[in-house]
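To start, the structure itself, in structure tokens.
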Amino acid sequence: MESGLLGWIGIGASFGLSALGSTIGMVLNGPAVIGAWKKCYLQNKPAPFILLVFAATCLSNVIYGFIVMNALVGTGSTAAIAANVVLNSQKFFVLGLSAGLCIGGVAITQAVCSAVAAEAYAETGKGFGNFLMVVGIAETISLFAMVFTLLLAG
């Protein structure tokens, strides 16, 4: 493909799949946080505002996908960017698709952990730091995927 179509697909996938994972993550953990607050209200307990942290955990992955996308696109004139994408089309396809799948998958993983953590913290009022550490371990996978992709992209 002379036009570099595969490269452009990879570049778009790095951001698009990361954003999709974060969106799916919000579908999973947003309602869980709202449900945890609801349980608190029904039990006449204060609803901990700090649960909002669990709702937002998967959002950073959109930023990581955006950083990867920008690194793959590069800088310079439009013609120089297009020539670079054509030259590195297969590389950008593999890197972008791999990074997008990994980062998006991590967002979903974080959401599942955050949903359980929000419910547990609302019920017990204990363990916030412990719960957040588990979500942070998943975050580390996204960071590794981003950094390693940036290193391989050159």
Side-chain angles (χ1 to χ4, degrees), residues 1-36 48-122 126-154:
M1 293 189 171
E2 292 297 317
S3 66
L5 181 60
L6 279 180
W8 289 112
I9 290 170
I11 289 167
S14 65
F15 177 73
L17 293 172
S18 298
L20 178 63
S22 291
T23 302
I24 292 169
M26 281 305 303
V27 168
L28 296 171
N29 70 1
V33 169
I34 293 168
F49 181 76
I50 200 162
L51 293 184
L52 196 57
V53 169
F54 292 123
T57 56
C58 58
L59 299 179
S60 58
N61 295 287
V62 174
I63 297 167
Y64 303 148
F66 183 74
I67 291 168
V68 169
M69 179 187 70
N70 280 328
L72 293 177
V73 169
T75 59
S77 68
T78 304
I81 290 170
N84 188 40
V85 172
V86 169
L87 182 65
N88 294 293
S89 186
Q90 293 174 342
K91 175 182 170 182
F92 287 176
F93 177 75
V94 171
L95 288 177
L97 185 63
S98 300
L101 286 170
C102 181
I103 295 168
V106 166
I108 295 168
T109 302
Q110 285 180 302
V112 171
C113 294
S114 293
V116 173
E119 186 174 328
Y121 185 76
K126 298 177 183 174
F128 179 82
N130 294 1
F131 303 148
L132 198 56
M133 283 190 283
V134 172
V135 176
I137 291 169
E139 181 88 12
T140 303
I141 298 167
S142 272
L143 288 167
F144 285 160
M146 178 188 69
V147 169
F148 295 156
T149 301
L150 297 179
L151 290 173
L152 290 170

Once rounded to the nearest 0.5 Å, what's the spacing between atom OG of Ser22 and atom CD1 of Ile108? 8.5 Å

Between the side chains of Thr57 and Glu139, does any donor sit under 3.5 Å from an acceptor? no

Heavy-atom distance under 4.5 Å between the side chains of Tyr121 and Ile50, does that happen here? yes

How far apart are the C-alpha atoms of Val33 and Leu52, what are their side-chain angles, what is the distance that settles it, and do they pass the side-chain contact (heavy atoms from CB on, under 4.5 Å) test? CA-CA 7 Å; Val33 169; Leu52 196 57; 5.6 Å; no

Ser89 side-chain N/O to Val86 backbone N/O, donor-acceptor pair under 3.5 Å: no

Any chance you could measure Asn70, atom CG, to Ser14, atom OG, to the nearest 0.5 Å? 8.5 Å

Distance from Leu17 atom CG to Met69 atom CE, nearest 0.5 Å? 12.5 Å

Can you tell if the side chain of Phe131 reaches within under 4.5 Å of the side chain of Val116, non-hydrogen atoms only? no

Does the side chain of Cys58 come within less than 4.5 Å of Asn29's, by heavy atoms? yes

Within a strict 4.5 Å, meaning less than it, do heavy atoms of the Asn61 and Gln110 side chains meet? yes

Just how far is it from atom SG of Cys102 to atom CD1 of Ile141, taken to the nearest 0.5 Å? 7.0 Å

Partner of Val73 under side-chain contact (heavy atoms from CB on, under 4.5 Å), chosen from Asn84, Val68, Ile81: Ile81

Would you say the side-chain atoms of Thr140 pair up with the backbone N or O of Gly136, donor to acceptor, closer than 3.5 Å? yes

Minimum-distance pair of heavy atoms, taken over all atoms of Ser18 and Ala99: OG-O, 4.5 Å

Hey, are the side chains of Leu6 and Phe92 touching, using non-hydrogen atoms and a 4.5 Å cut-off? no

Closest approach of Ala36 to Leu51 (non-hydrogen atoms, all atoms of both residues): CB-CD1, 3.8 Å

Shortest non-hydrogen separation from Gly65 to Ile103 and the atoms involved: N-CD1, 4.3 Å

If we only count heavy atoms from C-beta on, is the Phe93 to Leu5 side-chain gap below 4.5 Å? no

To check you understand the geometry: which heavy-atom pair defines the closest contact between Ser114 and Val135, and what is its length? OG-CG2, 3.5 Å

Report yes if some heavy atom in the side chain of Phe15 is under 4.5 Å from a heavy atom in the side chain of Tyr64; otherwise report no. no

Smallest separation among heavy atoms of Leu28 and Ala115, with atom names: O-CB, 4.0 Å

Using a 6.0 Å cut-off, check whether atom CZ of Phe66 has over 12 heavy atoms from anything other than its own residue. no

Under 3.5 Å, sequence neighbours excluded: what are the donor-acceptor pairs made by side chains of residues 144-154?
residue : atom : partner : partner atom : Å
Thr149  : OG1  : Ala145  : O            : 2.6

